[in-house]
Amino acid sequence: MILVTGGLGYIGSHTCVALAQAGYRLIIVDNLCNSKPSVLGRIRELAPDATIEFRHADLRDRAALESVFAAHAIGAVVHFAGLKAVGESVEKPLLYWDNNVGGTIALLEAMQRHGVRRIVFSSSATVYGAPEYLPYREEHPLRPESPYGRTKLVIEQLLADQSGSDPDFRYTCLRYFNPIGAHPSGRIGEDPRGIPNNLFPYLTQVASGRLAKLRVFGNDYPTPDGTGVRDYIHVMDLAAGHVTALRYLEERERSITANLGTGSGLSVLQVVTAFARLIGREVPYEFVSRRAGDIAAFWADASLAARELGWRAELGLDDMCRDAWRWQTQNPDGYA
Ligand code: NAD
Ligand code: UDP
C-alpha cells in the first residue's frame with residue numbers, strides 16, 4: 001500500500017487518481033488545512049475500482065501517524081503534505097518550519113520504526129533561487145529566497161542524510177516547476193482559498209467573472225515581451241511523473257533528484273493570450289508594478305527526468321487552458 005500525505009490537495013488528488021489507475025492501493029493522510037473532504041469522493045469517482053482509504057490527521061500528530069503505519073502494510077510514501085504560500089512563509093516562518101520540516105521528521109521517524117524505505121518528495125524549483133544560468137539544471141546552486149523554499153531544501157538534505165545512514169533508504173525529490181490545469185473530466189482541480197496568489201487560478205476566476213481584472217505583475221522584465229516567464233506544466237503530466245518516480249524506486253537501487261517541467265518557458269502575456277483564444281473572448285488585464293520577490297524568468301532543463309526516469313511532459317498550453325477552464329466552469333465555487 002502507498003501512503004500519500006497531503007493527498008487531498010491539488011497535486012496530491014491528481015496523483016492519487018494516477019496511482020490508483022496504475023494499480024496501487026492507497027492510504028491518504030491529510031489534515032484538511034488546505035483542502036476539502038469532498039475531494040475524496042471525487043478521487044474515488046475517478047478510480048472506482050481502487051482501494052483508497054483516508055485518515056484525517058496531521059503529520060505532526062505522532063500517535064495518529066503511528067496508528068496509520070501499524071494498521072497498513074505500507075510499501076512506500078508519496079509526500080505532498082506541506083504549506084506552500086511563499087508570502088505567508090515570510091510572515092510565519094515558524095509555522096512553515098514546524099509544519100513542513102517538523103511534519104517530515106515525524107513521517108521519517110514513523111517510516112524508520114516500520115521499516116519503510118521508499119519516499120517520493122514534492123520539492124520545488126524555488127530551491128534554486130536567482131538563476132546563474134537558464135534553464136536550471138539539477139546541479140545549479142541552491143539558494144532559496146524564502147522560508148518556504150528553505151524548508152524544501154532542508155527536507156531534500158534530510159532525505160539525503162537519512163539515505164546516508166541507511167543504504168537501503170531511497171528517495172526521489174521531484175522539483176516541480178509551475179503546475180497548472182486540471183483533470184480532463186473537470187471533477188478535480190485547483191481550489192485555492194480566498195483570492196488566488198497564482199497566475200492561473202486568478203486568470204480563470206477573472207474569465208468566469210468572479211474577479212474583475214488580472215493584474216500582470218511587471219512588464220519591464222528583461223524577457224521578450226517584458227512579462228515574467230515560467231515553465232508551466234500540466235498537473236496530469238506531473239501526476240504521471242510520480243507514478244514513474246515510484247516505479248523507479250521499486251526497480252532501481254538509487255535515489256534521484258529531478259526537475260519536473262516541460263523544458264520551456266512561457267510569458268504571462270503568452271499564457272493570457274492562449275487562454276483568451278481558447279475561451280473565445282478577451283480576459284481583462286492591466287499592468288501593475290512587479291511583485292516583490294519575483295524572479296524575471298526561469299524554466300527547467302528537463303533532460304535528467306527524461307534520461308533517468310523515462311518521463312517527459314506530453315501536454316501543452318492549450319491542454320492546460322482547456323482543462324483548467326473546464327474545471328472552473330463546472331465548479332465555479334470550487335469544491336462544495
Ligand atoms: P495543496 O495545499 O493543495 O496540498 C497540500 C495538502 O497537504 C493539503 O491538502 C493540506 O491540507 C495538506 N497538509 C498540509 N500540511 C499538512 C500536515 N501537517 N499534515 C497533514 N496534511 C497536511 O498544495 P499542492 O499545490 O497540491 O502542493 C503539494 C506539494 O507540492 C506541497 O508540498 C508543495 O509545497 C509542493 N509544490 C507545489 C507547487 C505548486 O505550485 N502547487 C510547486 C512546487 C512544489
Ligand atoms: N503573475 C501575475 N499576476 C498574478 C499572479 C502571477 O502577473 O495575479 C505572474 C507572476 O509575476 C509570475 C507568473 O505570473 O511571473 C507566475 O506566478 P505564480 O504566482 O503563478 O507562480 P510563481 O511565482 O510561484 O512562479
Side-chain angles (χ1 to χ4, degrees), residues 4-16 28-37 39-40 55-61 64-65 78-87 89 95-96 98-104 106-107 121-127 146 148-149 151-152 155 173-180 188-193 195-203 205-206 211 213-219 221 223 226-233 235 238-239 242 260-261 265-269 271-272 285-299:
V4 185
T5 76
L8 297 191
Y10 171 45
I11 304 169
S13 56
H14 291 79
T15 303
C16 282
I28 298 171
V29 171
D30 199 302
N31 68 358
L32 300 172
C33 72
N34 198 36
S35 52
K36 306 238 177 80
V39 180
L40 182 62
R55 178 71 183 272
H56 180 192
D58 191 298
L59 285 187
R60 294 162 295 177
D61 179 345
L65 204 55
V78 183
H79 179 31
F80 295 101
L83 299 173
K84 62 167 182 177
V86 172
S89 80
L95 175 67
Y96 272 67
D98 183 40
N99 191 82
N100 293 3
V101 180
T104 303
L107 175 65
F121 171 59
S122 303
S123 190
S124 166
T126 197
V127 297
S146 69
Y148 165 67
T151 66
K152 290 288 166 190
I155 295 167
C173 286
L174 302 178
R175 293 180 179 157
Y176 310 154
F177 280 67
N178 286 58
I180 61 172
I188 56 175
E190 187 169 14
D191 182 20
R193 294 198 172 179
I195 297 181
N197 291 314
N198 297 112
L199 175 64
F200 226 77
Y202 204 104
L203 182 61
Q205 291 191 18
V206 170
L211 294 168
K213 203 184 253 188
L214 175 73
R215 291 170 309 149
V216 176
F217 298 136
N219 62 347
Y221 282 113
T223 59
T227 65
V229 167
R230 295 289 183 275
D231 185 339
Y232 296 96
I233 171 167
V235 68
L238 208 53
H242 290 75
L260 291 191
L266 293 166
S267 74
V268 175
L269 280 186
V271 169
V272 173
Y285 67 86
E286 62 180 338
F287 293 119
V288 299
S289 49
R290 294 179 180 190
R291 182 170 66 178
D294 267 357
I295 290 173
F298 64 84
W299 63 95

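Fair warning: this is a prediction, and the values are worked out from it, not measured in the lab. Read the numbers this way: they start at 1 and go in the same order the structure lists the ligands and their atoms. Along the sequence shown, the residues carry numbers beginning at 1.
- Considering backbone and side-chain N/O atoms, V216 never comes within less than 3.5 Å of an N/O atom of ligand 2.
- With a 4.0 Å heavy-atom cut-off, ligand 1 is reached by the backbone of L32 but not by any atom from C-beta on.
- The six-membered or imidazole ring of F80 lies near that of H242, with a centre-to-centre distance under 6.0 Å.
- For ligand 1, the atoms lying closer than 4.0 Å to a non-hydrogen atom of S123 are 43 (C), 44 (C).
- Considering backbone and side-chain atoms together, V29 places no N or O closer than 3.5 Å to any N or O of ligand 1.
- Judged by the shortest distance from any of its heavy atoms, P179 lies inside the 4.0 Å radius around the atoms of ligand 1.
- Using 4.0 Å as the threshold, N99 has a heavy atom nearer than that to some atom of ligand 1.
- Between F177, Y148, F200, it is Y148 that holds the heavy atom closest to atom 34 (O) of ligand 1.
- Residue, atom and distance of the protein heavy atom nearest to atom 2 (O) of ligand 1 are N34 ND2, 2.7 Å.
- Closest heavy-atom approach to atom 14 (C) of ligand 1 among the candidates G82, S89, G9: G82.
- Annotation: Y285, atom OH; neighbour count of heavy atoms from other residues, nucleotides and ligands within 6.0 Å does not exceed 12.
- The minimum heavy-atom distance between D58 and N31, with the atom names listed, is OD2-ND2, 3.0 Å.
- Listed for the D61 side chain is a donor-acceptor partner under 3.5 Å among the backbone atoms of A64.
- Atoms of ligand 1 found under 4.0 Å from any heavy atom of S122, numbered from 1 in the order shown, are 29 (C), 30 (O), 32 (O), 35 (C).
- Scanning all protein heavy atoms for the shortest distance to atom 11 (O) of ligand 2 gives D294 OD2, 2.6 Å.
- Residue contact check for ligand 2: Y232 places a non-hydrogen atom closer than 4.0 Å to it.
- If you check each of L8, D30, V4 against atom 9 (O) of ligand 1, the one with the closest non-hydrogen atom is D30.
- The two residues V39 and S13 come nearest to each other via the heavy atoms CG1-CB, 3.7 Å.
- Using modelled atom types, one finds no donor on one side chain facing an acceptor on the other under 3.5 Å when comparing S122 with H79.
- With contacts defined as side-chain heavy-atom distances shorter than 4.5 Å, the pair L83/Y148 does not qualify.
- Taking all atoms of both residues into account, the shortest heavy-atom contact from A81 to L59 is CB-CD1, 3.8 Å.
- In terms of protein heavy-atom proximity, atom 3 (N) of ligand 2 is nearest to R215 O, 2.7 Å.
- Within the 4.5 Å cutoff, the side chain of Y176 has heavy atoms near those of the L238 side chain.
- The protein non-hydrogen atom at the shortest distance from atom 28 (C) of ligand 1 is F80 O, 3.7 Å.
- The shortest N or O to N or O distance between Y202 and ligand 2 is not under 3.5 Å.
- Under the 4.5 Å side-chain criterion, counting only non-hydrogen atoms from C-beta, L203 is in contact with V272.
- Looking at A125 against ligand 1, nothing comes within 4.0 Å, counting heavy atoms.
- When all heavy atoms of S267 and T227 are compared, the pair lying nearest together is CB-OG1, 3.3 Å.
- Protein heavy atom nearest atom 26 (O) of ligand 1, with residue, atom name and distance: I11 N, 2.8 Å.
- In this structure, the protein non-hydrogen atom closest to atom 9 (C) of ligand 2 is V268 CG2, 3.7 Å.
- Counting protein heavy atoms only, atom 22 (P) of ligand 2 is closest to N178 ND2, 3.6 Å.
- In this structure, A57 is part of the shell of residues with a heavy atom less than 4.0 angstrom from ligand 1.
- When hydrogens are left out, the protein atom nearest atom 17 (O) of ligand 2 is R291 NH2, 3.4 Å; that is the closest non-hydrogen contact.
- If you take CD1 on I180 and CG on L199, they are separated by 7.5 Å, rounding to the nearest 0.5 Å.
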Can R215 and Y202 be said to form a side chain to side chain contact (heavy atoms under 4.5 Å, CB included), step by step? CA-CA 9 Å; R215 291 170 309 149; Y202 204 104; 4.2 Å; yes
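- Each of the atoms 10 (C), 11 (O), 13 (N), 14 (C), 15 (N) of ligand 1 lies under 4.0 Å from some heavy atom of C33.
- Summarising the contacts of atom 7 (O) of ligand 1 with G149, S35, G6, the nearest heavy atom is found in G6.
- Closest protein heavy atom to atom 15 (O) of ligand 2: G228 CA, 3.6 Å.
- Side chain to side chain, S35 and D30 meet the donor-acceptor criterion of an N or O pair below 3.5 Å.
- Considering backbone and side-chain N/O of L199, one or more are found under 3.5 Å from N/O of ligand 2.
- Under a 4.0 angstrom heavy-atom cut-off, T5 registers as lying outside contact with ligand 1.
- The protein non-hydrogen atom at the shortest distance from atom 25 (O) of ligand 2 is R230 NE, 2.6 Å.
- In this structure the side chain of N100 never reaches within 4.5 angstrom of the side chain of S89, judged on heavy atoms.
- Protein heavy atom in closest approach to atom 21 (N) of ligand 1: N31 N, 3.1 Å.
- Taking a cut-off of under 4.0 Å to the non-hydrogen atoms of N197, the atoms of ligand 2 that pass are 5 (C), 19 (O).
- Ligand 1 has a nitrogen or oxygen under 3.5 angstrom from a nitrogen or oxygen of L59.
- Here the options are T104, V101, V127, the test is side-chain contact (heavy atoms from CB on, under 4.5 Å), and the partner is T151; only V101 passes.
- Judged by the 6.0 Å and 45° rule, R230 forms no cation-pi pair with F177.
- Taking both residues in full, the closest heavy atoms of S124 and K152 are given as CB-CG, 4.4 Å, listed atom of the first, atom of the second, then distance.
- The closest protein non-hydrogen atom to atom 1 (N) of ligand 2 is F217 CD1, 3.6 Å.
- Counting only heavy atoms of the protein, atom 25 (O) of ligand 1 lies nearest to K84 NZ, 2.7 Å.
- Closest of all the heavy-atom pairs between K84 and N34 is CE-ND2, 4.1 Å.
- Under 4.0 Å from ligand 1, not a single heavy atom of E190 appears.
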